[in-house]
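Remarks on the structure that follows.
Since we're looking at a predicted model, the values are computed, not measured.
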Amino acid sequence: MGTRPFHEIAHAAKEKWTPEVKEFADRFGTELDEQVQKQVELGTQLASARAAAHLTQEQLAILSNIGQSEISRIERGLGNPTRDTLIRITTAMGAELTIAPSKHLENV
């Protein structure tokens with residue numbers, strides 16, 4: 001018996017999903033996409049702040065006592081930093097961690 005690519009197997013399995021399961025998967029996928037986008041935005045903001053502070057990832061790692069690989073993951077939107085990690089990174093850059101309302105909430 002030959003092997004089939006994963007996408008074919010997954011597609012065949014999805015064909016058997018009930019409408020409720022399809023709705024749940026769509027909703028979950030949308031929520032996951034939103035969370036990933038927020039992580040990417042945070043990483044982009046941190047990378048911009050680091051560049052503005054004229055620091056390399058290696059220099060920031062030394063100043064913050066956080067591994068360079070972790071800083072790289074966070075900047076690429078792949079990490080999920082704790083509050084303490086964010087504070088250590090921003091403090092090491094001479095910056096401040098600020099929480100602001102989302103743009104879509106500003107007009108409410």
Examine L32 and L78 and state if one hydrophobic cluster contains both, with Ile, Leu, Val, Met, Phe, Trp and Tyr joined whenever side-chain heavy atoms are less than 4.5 Å apart. no

Would you say that more than 12 heavy atoms from the other residues, nucleotides or ligands in this model lie under 6.0 Å from the CD of E8, or not? yes

Around atom CZ of R83, are there more than 12 heavy atoms of other residues, nucleotides or ligands at under 6.0 Å? no

With a 3.5 Å distance limit and no angle check, can you tell me whether [X] reaches the backbone of [Y] through a side-chain donor-acceptor pair?
| X | Y | answer |
| --- | --- | --- |
| Q59 | T56 | yes |
| S72 | Q68 | no |
| Q39 | G79 | yes |

Which residues pass the side-chain hydrogen bond (donor to acceptor under 3.5 Å, both in side chains) test with R88, sequence neighbours left out? none

Quick check for you: to the nearest 0.5 Å, what is the distance between Q57 atom CD and I62 atom CD1? 12.5 Å

When rounded to the nearest 0.5 Å, the distance separating CD of E41 from OG1 of T44 is 7.5 Å

Could you list who else is in L46's hydrophobic cluster, with ILVMFWY side chains joined at under 4.5 Å, directly or through other members? L42, L55, L60, L63, I66, I71, I74, L86, I87, I89, M93, L97

Ionic contact status for E34 with K38, cut-off 4.0 Å: no

Any salt bridge between E70 and R73, counting N to O under 4.0 Å? yes

Does the side chain of H7 come within less than 4.5 Å of H11's, by heavy atoms? no

May I ask you to test the R50-E75 pair for a side-chain heavy-atom distance under 4.5 Å? yes

Which atom names give the shortest non-hydrogen contact between A61 and G67, and what distance separates them? CB-C, 4.0 Å

